[in-house]
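Worksheet: the structure to be examined is printed underneath.
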Amino acid sequence: MDITLVEESPFRFRIERRGAMRVPGTVFATRALLPEAAGDQALEQVANVATLPGVVRASFAMPDVHWGYGFPIGGLAATDVEAGGVVSPGGVGFDISCGVRLLAAGIDRDALEPRLRELMDVLGDTIPRGTGPGGLWRLSGRPQMEEVLAGGAGYAVEQGHGVPRDLTFCEDYGALEEADPSQVGARAVERGLRQVGSLGSGNHFLEVQAVDRVHDEKAAAAFGLRPGGVCVMIHCGSRGLGHQVCTDHVRVMDRSLRRFGISLPDRQLACAPVVSPEGRAYLGAMAAAANYGRANRQLLTEAVRRAFTSAAGVEVDLVYDVSHNMAKTETHEVDGVPRRLCVHRKGATRALPPGHPDLPGELSGAGQPVLIPGTMGTASYVLVGEPGNDAFLSTCHGAGRVWSRHQALRRVRGEELRGRLESEGVAVRPSSWRGLAEETPEAYKDVDAVAAATEGAGLARLVARLVPLGVVKG
DNA sequence: ATGTAC
C-alpha cells in the first residue's frame, strides 16, 4: 500500500483512509522520527491495522514506532466490543505483558559511587538472564503455576516475595482479574515453570540509574524521585510462557478467520471477535500470561532488594510497574458515547491522568507514572499521564529500533561496546557479547527526541530523565 | 520477543 502522510499539527500526522481502511491512521512523530530505515513497513502496518473489524477513531502509532509482527511496535488500536470488534494477538505481541518496573533506592549517586562496582557484581551474579530456563522461583507444578497465573504479583507477595505496599504501585494492583489459567496450554506452563524471576534476552535489562534531570518537581516528588537519586529500572516480560500462549492462540485464530468471515491484508493480523469463544479464550490466556509477567518483575525486585541491602545497606521502594504489551477492556467515549473497547497496546504504555478512577489514592493527585526505557548508553524517562490524550490514554514505550539486530551485529562488536560504555562510566554485566551488540545505543532512535515528541503531541508530560550507572543485560 | 525452525 502507498502511504501518504498529511501533517495535521506539530507532532501529528494523518494517514488518509483508503481501500479497506475503516478509520484513518494517526502517527505521533516528527519527520526525523518517522520510520524510514530501509524495509521498515511500520506505516503500512498502521494502515493495515485500520482495516480490523470494529476498530474506532484511528489506528495509532507512537513516536517510537517500528516494524513488528502484524501490528507495528509502538502501535495502538481500540475495537468496539459490542460492534463486532476483534482482538488480535499480533496487537499485543509475542512478549505478553512485557513492561517496566521502576524502583527508587534510599541513596544518592554520589553516596553509592564507592559501592557501585560491588553492587553491580552482586546483581550480575544473582539476576538470571539469557534464553532458556533458570529463574529465582522454581514452581512446583501446574497447580502452583495456576496460582501465579491468577494472582500475579499479588501471589508472589503473598508467598513472601515482596511487601503489600508494592501492589499499590502496580498497574491493576499486580493482577488482572479476568485471567483464565485453564486457557494456558501444557507447553506454555512447562516453559514457564523454571523462568519466574528472570530477565530473558533481547532488549530486556535491569539498570541501576540516577535521576539526571527533573522536569516536573511536584510530580517527581510524588513519585519519590529527586535529583541525583538512585533508581533501578527492570524491563522484562513473560518469557517462554507468554511466547507460547501467543503462538498457540494465533494458530487457533488463523484457522477460524474464514468461519468469522474476516478478510485481512496481512495474515499476521489474525484475530477473532472479542465475544467469540476464540476471542475470550485468548483474552483469558493473555491476562494469565500478563499476571505471570507481573510476578516475574516482582521476583526480580526481591533480588534487587537483597543486592542493595548487602552492597549498600539501603532500602528500595516501588515507584510503579506498567506493561506496554497488552490488550485491555476499557470504557472510553467515542463520538460522545461511552463504549466498551478492547484497547490493544503493543509497545505502547497506558498513561492515566490525575484523578482517574483506576489510580490508587496515592497517585490520584499526580497521575500515573509512565516509564520509558531508553538505551544503555543514553537515558530513560519518567513521564506522567495528562488529560486530553485521544490515543485512549496511551504513550510511547521506549526509544524504538532503527537498526535491525542483523545490522547492529554487522556494525558493532560486543566487547568493544562494553569498553566504550565502561569508559563512559556505565558498568556493564552482559549475558552474551552478541546480545549486547544487538542492543547498541545507535540501533535506537534518539530517546530524548522520542520523549520530547510524546510531550509535544500532548500524550504525556515529562517528569524526570534517568541516566544509567550500571546495566545487567538480558 | 523466543528452548532465535517441527
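None of the values given here were measured: they were computed from a predicted structure. These values consider heavy atoms only, across backbone and side chains, with no hydrogens, waters or symmetry-generated copies. Order of the sequence lines fixes the chain letters, A, B, ..., with proteins taken first and strands second; residue numbering starts at 1 for each chain.
- Between the NE2 atom of His249(A) and the C1' atom of dT2(B) there is a distance of 17 Å, given to the nearest Å.
- Not counting sequence neighbours, the partners of Ala105(A) by the side chain to side chain contact (heavy atoms under 4.5 Å, CB included) test are Ile107(A), Val230(A), Phe308(A), Val316(A).
- Nucleotide dT4(B) holds its C1' atom 8 Å from the NE2 atom of His243(A), rounded to whole Å.
- Qualifying salt bridge (charged side-chain N to carboxylate O under 4.0 Å, His left out) partners for Asp448(A), counting only residues two or more places apart in sequence or in other chains: Arg465(A).
- In this entry the distance linking CG of Leu199(A) with C1' of dT2(B) reads 15 Å, nearest Å.
- Scored by the ring-ring contact (aromatic ring centres under 6.0 Å, His included) test, Trp137(A) finds Tyr155(A), His161(A) as partners (sequence neighbours excluded).
- If you take CZ of Arg187(A) and P of dA5(B), they are 14 Å apart, rounded to a whole angstrom.
- Rounded to whole angstrom, the span from the CG atom of Asn325(A) across to the P atom of dT2(B) amounts to 11 Å.
- Checking His204(A) against Thr131(A), the closest nucleotide of DNA chain B that is more toward the 5' end is the one next to His204(A).
- With the 3.5 Å cutoff on both pairing distances, Watson-Crick and G-U pairs in DNA chain B never assemble into a run of at least 3.
- Residues that satisfy the ring-ring contact (aromatic ring centres under 6.0 Å, His included) test with His66(A), not counting sequence neighbours, are absent from this structure.
- For Tyr282(A), the ring-ring contact (aromatic ring centres under 6.0 Å, His included) test picks out His249(A), with sequence neighbours left out.
- In this structure, Arg251(A) places its CZ atom 12 Å from C1' of dA5(B), rounding to the nearest Å.
- Note on Arg434(A): nothing from the nucleic acid sits closer than 4.0 angstrom, heavy atoms only.
- At a threshold of 4.0 angstrom between heavy atoms, the contacts of Gln195(A) are confined to the sugar-phosphate backbone, with no base atom among them.
- Within residues 296-304 of chain A, no residue approaches DNA chain B, by heavy-atom distance under 4.0 Å.
- Contacts of Ser59(A) classified as side chain to side chain contact (heavy atoms under 4.5 Å, CB included), with partners at least two apart in sequence or in another chain: Val46(A), Val49(A), Ala50(A).
- Distances shown here put every side-chain N or O of Arg405(A) at or beyond 4.0 Å from the OP1 or OP2 atom of dT4(B).
- Between Met376(A) and Leu417(A), some side-chain heavy-atom pair lies under the 4.5 Å cut-off.
- Phosphate contact (OP1/OP2 of dT2(B), side-chain N/O of Ser201(A), threshold under 4.0 Å): present.
- Contact annotation for Gly93(A): no contact, since no heavy-atom pair falls under 4.0 Å across all strands.
- Remark: the Arg129(A) side chain and the Ser431(A) side chain contain no N/O donor-acceptor pair separated by less than 3.5 Å.
- Here dT2(B) presents its C1' atom at 9 Å from CD of Gln244(A), a figure rounded to the nearest Å.
- Residue Glu278(A) forms a salt bridge (Lys or Arg N to Asp or Glu O under 4.0 Å) with just one option from Arg259(A), Arg255(A), Arg251(A), and that option is Arg259(A).
- Taking Tyr69(A) as the reference, Phe94(A) meet the ring-ring contact (aromatic ring centres under 6.0 Å, His included) condition, with sequence neighbours excluded.
- When heavy atoms are screened at a 4.0 angstrom cut-off, Gly237(A) is found touching no nucleic acid atom at all.
- Taking atom CZ on Phe94(A) and atom P on dT2(B), their separation rounds to 12 Å, with Å as the unit.
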